Amino acid sequence: MSPSAPILAVRDLRVGFATEGGLVQAVDGVNFELRPGEVLAIVGESGSGKSVTAQTIIGLTRSSNARIEGSVELDGEELIDASDATMRQLRGERIGMVFQDPMTSFNPVYRIGSQIVEAIRAHRGDVGKDEARARVVELFDSVGIPNAERRVDDYPHEFSGGMRQRAMIAMALALEPEVLIADEPTTALDVTIQAQILALLGELNRKRDLATILITHDLGVVAEVADRVLVMYAGKVVEKGTLDEIFYDPQHPYTWGLLGSLTRLDRPRPKRLPQISGSPPSLLALPDGCAFRPRCPHEFAKCTELPDLRERITDAPGHCDRCWLDPEEKRAKRQVEGQIGLEAPA
């Protein structure tokens, strides 16, 4: 991990949306810091608040029904109350974003190269079209798109899913931002292409000293590139720590369930694929105390009280979780058939 000062600091971030049914608290008290050259993975099921956290950082959740509190600082500059003009200038210039579905992120009736040229010239008015096009060709080469000189003139539908994702990464890097946010960058890609995209992100992170946020629901993806991990559930961070801490000494039952749901090629095929029972709760009607309580086989009386996110292991500073169980109890209860997992409900 880089010893340098954080480039991005998120403190007590809360994002709610007013609906006819009440206030949906999509993000509730998220805190983290990100340093140059570091990869922070934010993990959780759909609806856990991962993407809303990322989109709020770059001002994409601003609306009349949004309630945003807390602080997001980029190199000491507060973004929560920054003007829309400031945020437009900052997007792409200092924070790049790789969206989940590149097919809907690119305009289907314009050539991909032209769209990236437009983005470059919108921020760098002194750059001519030819110079910007040469920059796009260079970017396509750097992200592994073959025949870059020709392919910049293709339309989005002429690219495969993996190539579109590479083009999306090229667009995010066009202005050499300090922070890169990758929102589910391997969704809907086959495993071979997933591995290529993750290797590309890791290489770009090292070469450019990027501060990277990787958003995913797949801990298998995290294992390839992340330095630190935040596990989110129902809008809250339920566990955070280094990659090794999360994988080898996870402290929250939800994290055990995520790890146990990974398929293992080095073990006999199970009769039934492992899963976390039940469904995530409605953000309009969260249970009392721990939000994971209705799905947790280790629930006990104290779970009706909400635990703080704090350090509970003396020899692991910075490894925090929200679970009332004693660390030794956790280490015993998380063993399911010889590996980390979540017991099936009785």
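The shown structure was predicted, so the numbers you read here are calculated from the model rather than taken from an experiment.
The closest side-chain heavy-atom distance from Val225 to Asn205 is not below 4.5 Å. You'll find the side chain of Thr212 stays beyond 4.5 Å of the side chain of Leu204, heavy atoms only. The shortest distance between side-chain heavy atoms of Pro156 and Ile112 falls below 4.5 Å. At least one side-chain heavy atom of Leu173 sits less than 4.5 Å from a side-chain heavy atom of Arg208. Using a 4.5 Å heavy-atom cutoff, the side chains of Arg310 and Cys320 are not in contact. At a threshold of 4.5 Å between non-hydrogen side-chain atoms, the residues Leu13 and Phe32 do not count as touching. Side chains of Ile169 and Pro185 form no contact here, defined as non-hydrogen atoms less than 4.5 Å apart. No side-chain heavy atom of Ile340 sits less than 4.5 Å from a side-chain heavy atom of Thr255.
Atom CG of Asp130 has 12 or fewer heavy atoms from other residues, nucleotides or ligands within 6.0 Å. Within a 6.0 Å sphere centred on CD of Glu118, heavy atoms belonging to other residues, nucleotides or ligands number 12 at most. For Tyr110, the OH atom sits in a loose shell: 12 or fewer heavy atoms of surrounding residues, nucleotides or ligands are nearer than 6.0 Å.
Not a single donor-acceptor pair under 3.5 Å links the side chain of Asp288 to the backbone N or O of Thr304. Judged by distance alone, with hydrogens and angles left aside, the side-chain atoms of Arg295 form a donor-acceptor pair with the main-chain N or O of Gly278 at under 3.5 Å. His217 places no side-chain N or O within 3.5 Å of a backbone atom of Glu184 that could act as its donor or acceptor partner. In this structure, Arg91 contributes its side chain and Ile58 its backbone to a donor-acceptor pair below 3.5 Å. With hydrogens and angles ignored, the 3.5 Å screen pairs no side-chain donor or acceptor of Lys240 with any backbone N or O of Met232. Remark: side-chain polar atoms of Arg228 are not paired, donor with acceptor, to backbone N or O of Leu40 under 3.5 angstrom. Of the possible polar contacts, none joining the Asp12 side chain to the Gly70 backbone as a donor-acceptor pair under 3.5 Å is found. Under the 3.5 Å distance criterion, the side-chain polar atoms of Glu33 are left unmatched by any main-chain donor or acceptor of Ala9. In terms of modelled atom types and a separation under 3.5 Å, the side chain of Glu224 and the main chain of Ala195 share no donor-acceptor contact. For Arg334 (side chain) and Pro250 (main-chain N/O), a donor-acceptor pair under 3.5 Å exists by modelled atom type.
Leu342 contributes atom CG, which lies 10.5 Å from atom NE2 of His252 (distance to the nearest 0.5 angstrom). How far CD1 of Ile7 is from CD1 of Ile95: 8.5 Å, rounded to the nearest 0.5 Å. Atom-to-atom distance recorded for Arg14:CZ and Ile68:CD1 is 14.0 Å, nearest 0.5 angstrom. Separation of atoms CD (Glu178) and CG (Leu34) is listed at 11.0 Å; rounding is to 0.5 Å. Atom NZ of residue Lys50 and atom OG1 of residue Thr216 lie 7.5 Å apart, to the nearest 0.5 angstrom. Rounding to the nearest 0.5 Å places OG1 of Thr104 at 9.5 Å from CZ of Phe99.
Ring geometry, His157 versus Tyr155: the interplanar angle falls under 30°, so the pair is classed parallel (tilted spans 30 to 60°). Taking the six-membered ring where the residue is Trp, Tyr233 and Phe292 present perpendicular rings, their angle passing 60° and hence far from 30°.
The pair Lys330-Glu239 does not count as a salt bridge, with every side-chain nitrogen at least 4.0 angstrom from each carboxylate oxygen. Ion pair Glu138/Arg135 flagged as a salt bridge, since at least one NZ, NE, NH1 or NH2 atom sits closer than 4.0 Å to an Asp/Glu carboxylate oxygen. Taking 4.0 Å as the cut-off between side-chain N and carboxylate O, Arg164 and Glu158 do not count as a salt-bridged pair.
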Checklist entry - Can Ser71 and Glu78 be said to form a side chain to side chain contact (heavy atoms under 4.5 Å, CB included), step by step? => result CA-CA 7 Å; Ser71 172; Glu78 180 60 60; 2.6 Å; yes

Checklist entry - How far apart are the C-alpha atoms of Lys236 and Asp28, what are their side-chain angles, what is the distance that settles it, and do they pass the salt bridge (Lys or Arg N to Asp or Glu O under 4.0 Å) test? => result CA-CA 5 Å; Lys236 293 182 181 293; Asp28 192 359; 2.9 Å; yes

Checklist entry - Taking it one step at a time, do Val98 and Leu180 satisfy side chain to side chain contact (heavy atoms under 4.5 Å, CB included)? => result CA-CA 8 Å; Val98 178; Leu180 178 67; 3.9 Å; yes

Next on the checklist: What verdict does the salt bridge (Lys or Arg N to Asp or Glu O under 4.0 Å) test give for Arg133 and Asp153, after you've listed the backbone C-alpha separation in whole Å, the side-chain angles of each residue and the deciding distance to 0.1 Å?
Outcome noted: CA-CA 10 Å; Arg133 188 182 188 281; Asp153 295 321; 2.8 Å; yes

Next on the checklist: Before you tell me yes or no, could you show the steps for Ile213 and Ile57 under side chain to side chain contact (heavy atoms under 4.5 Å, CB included), namely the whole-Å CA-CA distance, both residues' side-chain angles and the distance that decides it to 0.1 Å?
Outcome noted: CA-CA 11 Å; Ile213 298 175; Ile57 289 172; 4.1 Å; yes

Item to check | CA sep, side-chain torsions, deciding dist, call: Glu203, Arg206, salt bridge (Lys or Arg N to Asp or Glu O under 4.0 Å) | outcome: CA-CA 5 Å; Glu203 181 183 2; Arg206 290 189 299 272; 5.7 Å; no

Item to check | Steps toward side chain to side chain contact (heavy atoms under 4.5 Å, CB included) verdict (Arg121, Lys129) | outcome: CA-CA 8 Å; Arg121 299 191 70 212; Lys129 284 186 178 180; 3.2 Å; yes

Next on the checklist: With salt bridge (Lys or Arg N to Asp or Glu O under 4.0 Å) as the criterion, how do Arg94 and Glu77 come out once you've worked through the C-alpha distance, each side chain's angles and the decisive distance to 0.1 Å?
Outcome noted: CA-CA 12 Å; Arg94 301 190 65 193; Glu77 179 183 356; 3.3 Å; yes

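Considering all non-hydrogen atoms of both residues, Ala167 and Ile116 come closest at O-CD1, 4.0 Å. Across every non-hydrogen atom of Ala82 and Met87, the tightest pair is CB-SD, 3.9 Å. Taking all atoms of both residues into account, the shortest heavy-atom contact from Leu201 to Ala182 is CD1-CB, 4.4 Å. Smallest separation of non-hydrogen atoms from Arg67 and Ala18: NH2-CB, 3.9 Å. The shortest heavy-atom contact between Val30 and Gly235 is CG2-O, 4.0 Å. Here the closest heavy-atom approach between residue Leu309 and residue Val237 is recorded as CD1-O, 3.7 Å.
Two different hydrophobic clusters hold Ile313 and Trp324 under the rule that ILVMFWY side chains link at heavy-atom gaps under 4.5 Å. Placement of Met97 and Met171 within a single hydrophobic cluster is found when ILVMFWY residues are connected by side-chain heavy-atom separations under 4.5 Å, directly or transitively. Taken together through direct or relayed side-chain contacts under 4.5 Å among Ile, Leu, Val, Met, Phe, Trp and Tyr, Tyr248 and Leu243 form part of one hydrophobic cluster. Cluster membership for Val27 and Leu286, using ILVMFWY side-chain heavy atoms within less than 4.5 angstrom, is not shared. In the hydrophobic clustering of this structure, Met103 does not group with Met168; members are Ile, Leu, Val, Met, Phe, Trp, Tyr whose side-chain heavy atoms approach within less than 4.5 Å, directly or through other members.
Qualifying side chain to side chain contact (heavy atoms under 4.5 Å, CB included) partners for Glu245, counting only residues two or more places apart in sequence or in other chains: Thr242, Ala316, His319.
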